[in-house]
Peer 1: 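Below you'll find the structure I mean.
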Amino acid sequence: MVATLGFVWGGTFLVNELALEGITPFWLAAGRVCFGAVLSTLVWRLMGGRLFSAPLSRSERLSLVTIALLSSAVPFSLIAWGQQYVTAGFTGVSMASIALMVLPLAHFLVPGERMTWRRALGFAIGFAGVALLMGAQAFESSGATLELPGRLACLAATACYAVASILMRRLPAVDPVGLSTVLLLIGVVAVLPMAWIAEGPPPSTDLRTLGLIVFLGMVPTAAANLLRVTLIRSAGPVFMSLTNYQVPVWSVLLGAALLGEPLPPVLLWSLLLILTGVGLSQYGALRRLFARQ
């Protein structure tokens, strides 16, 4: 699941940039969430519509709404807006920093997710691999007037994902399909008025842009959100955050394969650092995984 998410999200930024050629950023985020919610609801109803095994307390309902906002509506809008003004390299590194944010949060808030020296070293090595892959691109200026707010928007989106992952792990027993669907439905309620207030009524779009929005809603939103929920609930937010080290790698590889972009000469060294970091930080989990094979 980690490998699949890394691949899917690695290609999302490319599709995002193409879609932004034909639609405004907040309506792009709204379209993603809406199409994702429709598909998720259909699947959920076909599977029986199960959700929590027991009624939620008031604080748990508040956590559910907060998770929904921080896992889709808010970060999707921030990334779509920020990508107008920042380089792709900065976006890739900012997404990788989610892992570094999750580690200390999980240490204090999630039972069993202790910050050991091996785990901290592994995360640092993995992040170094991402920084090496992005190289100077991570620090190049796009020249846009709103570049600084754009960078802050991307970093704020990563913080949203980190906090949402921690809160999701703390929810009581729940069906992953139902939770994934409810989070997107709550996201719809938030993102539609947000887009309307910020950018007015939805703009008309061509079929190419509409197709890209549908794809974003179905694959990296609905399907990937279900994988994300399942992974966090079963393996924990720290393990889930390792996905973000793969995102820039797949972004570079897909850019080379689909757009003819040159592969950076440091790609193999970056992959080696990332895999070493993953192995160190999750040594115990990987040992148990292969012991069962």
Side-chain angles (χ1 to χ4, degrees), residues 1-2 5 9 29-30 32-34 36-41 43-45 47-79 95 97-115 153-195 217 220-244:
M1 287 190 284
V2 166
L5 282 173
W9 285 341
R32 275 188 70 175
V33 178
C34 288
V38 169
L39 177 61
S40 296
T41 301
V43 174
W44 182 38
R45 298 307 302 171
M47 295 182 65
R50 296 183 302 275
L51 193 55
F52 289 97
S53 56
L56 296 183
S57 65
R58 182 177 179 181
S59 63
E60 288 169 342
R61 288 195 296 270
L62 179 60
S63 289
L64 185 65
V65 174
T66 303
I67 293 166
L69 296 177
L70 296 184
S71 63
S72 60
V74 175
F76 287 178
S77 300
L78 288 171
I79 292 172
M95 290 300 105
S97 67
I98 294 174
L100 298 180
M101 295 182 187
V102 166
L103 186 60
L105 287 172
H107 175 79
F108 293 105
L109 299 175
V110 180
E113 297 280 14
R114 307 297 294 176
M115 189 195 303
C154 289
L155 291 173
T158 66
C160 289
Y161 285 132
V163 174
S165 296
I166 299 297
L167 293 176
M168 194 182 299
R169 177 66 169 179
R170 294 167 60 88
L171 287 174
V174 63
D175 178 73
V177 178
L179 178 58
S180 174
T181 302
V182 169
L183 292 178
L184 287 176
L185 289 173
I186 296 174
V188 169
V189 176
V191 77
L192 284 178
M194 185 190 308
T221 303
N225 193 54
L226 174 58
L227 277 180
R228 177 173 178 264
V229 168
T230 304
L231 192 54
I232 291 173
R233 296 291 297 173
S234 61
V238 174
F239 192 82
M240 161 64 207
S241 67
L242 296 175
T243 302
N244 301 288

Peer 1: Looking at OG1 of Thr230 and CG of Asp175, how far apart are the two atoms once the value is rounded to the nearest 0.5 Å?
Peer 2: 8.5 Å
Peer 1: Which heavy atom of Leu56 sits nearest a heavy atom of Pro172, and at what distance?
Peer 2: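 Between these two residues, the closest heavy atoms are CD2-CG, 3.7 Å.
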Peer 1: Any side-chain to backbone donor/acceptor pair from Arg233 onto Leu171? Under 3.5 Å, distance only.
Peer 2: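 At least one qualifying donor-acceptor pair exists.
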Peer 1: For the residue pair Ser72 and Arg32, establish whether any side-chain heavy-atom pair is separated by less than 4.5 Å.
Peer 2: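 No. Closest side-chain heavy atoms not under 4.5 Å.
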Peer 1: For a 4.5 angstrom cut-off between non-hydrogen side-chain atoms, does Ser77 reach Val191?
Peer 2: yes
Peer 1: Looking at Gly187 and Val33, what are the two nearest heavy atoms and their distance?
Peer 2: C-CG1, 3.8 Å
Peer 1: Nearest 0.5 Å please: distance from the OG atom of Ser63 over to the CZ atom of Arg58.
Peer 2: 12.5 Å
Peer 1: Which value, rounded to the nearest 0.5 Å, describes the distance between Met101 atom CE and Leu103 atom CG?
Peer 2: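 Answer rounded to 0.5 Å: 12.5 Å.
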Peer 1: To the nearest 0.5 Å, tell me how far Cys154 SG sits from Ile79 CD1.
Peer 2: 6.5 Å
Peer 1: Between Thr181 (side chain) and Ser40 (backbone), is there a donor-acceptor pair under 3.5 Å?
Peer 2: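 Checked: pair present.
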Peer 1: For Val229 versus Pro176, what's the shortest heavy-atom pair and its separation?
Peer 2: CG1-O, 3.8 Å
Peer 1: To the nearest 0.5 Å, how far apart are CD1 in Ile232 and OG in Ser165?
Peer 2: 3.5 Å
Peer 1: Shortest non-hydrogen contact from Leu192 to Ala30?
Peer 2: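 Minimum heavy-atom contact is CD2-CB, 4.1 Å.
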Peer 1: Compare all side-chain heavy atoms of Val38 with those of Leu184 and state whether any distance is below 4.5 angstrom.
Peer 2: no
Peer 1: Please examine the side chains of Met168 and Leu179, heavy atoms only from C-beta on, and report whether any two atoms are closer than 4.5 Å.
Peer 2: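 Answer yes - side chains close enough.
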Peer 1: Could you tell me if the side chain of Arg228 sits less than 4.5 Å from the side chain of Ser180, heavy atoms only?
Peer 2: no
Peer 1: Start with the C-alpha distance between Leu64 and Leu183, add both sets of side-chain angles, then the distance that settles side-chain contact (heavy atoms from CB on, under 4.5 Å), and finish with yes or no.
Peer 2: CA-CA 7 Å; Leu64 185 65; Leu183 292 178; 3.9 Å; yes
Peer 1: Taking all non-hydrogen atoms of both residues into account, name the closest pair between Trp44 and Val177 and its distance.
Peer 2: CA-CG1, 3.9 Å
Peer 1: Roughly how far, to the nearest 0.5 Å, is CD1 of Ile166 from CZ of Phe108?
Peer 2: 11.5 Å
Peer 1: Of all the heavy-atom pairs spanning Leu70 and Pro75, show the shortest one and how long it is.
Peer 2: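 Closest approach of Leu70 to Pro75: O-CG, 3.2 Å.
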Peer 1: Report yes if the side chains of Val182 and Phe52 come closer than 4.5 Å at any heavy-atom pair, otherwise no.
Peer 2: no
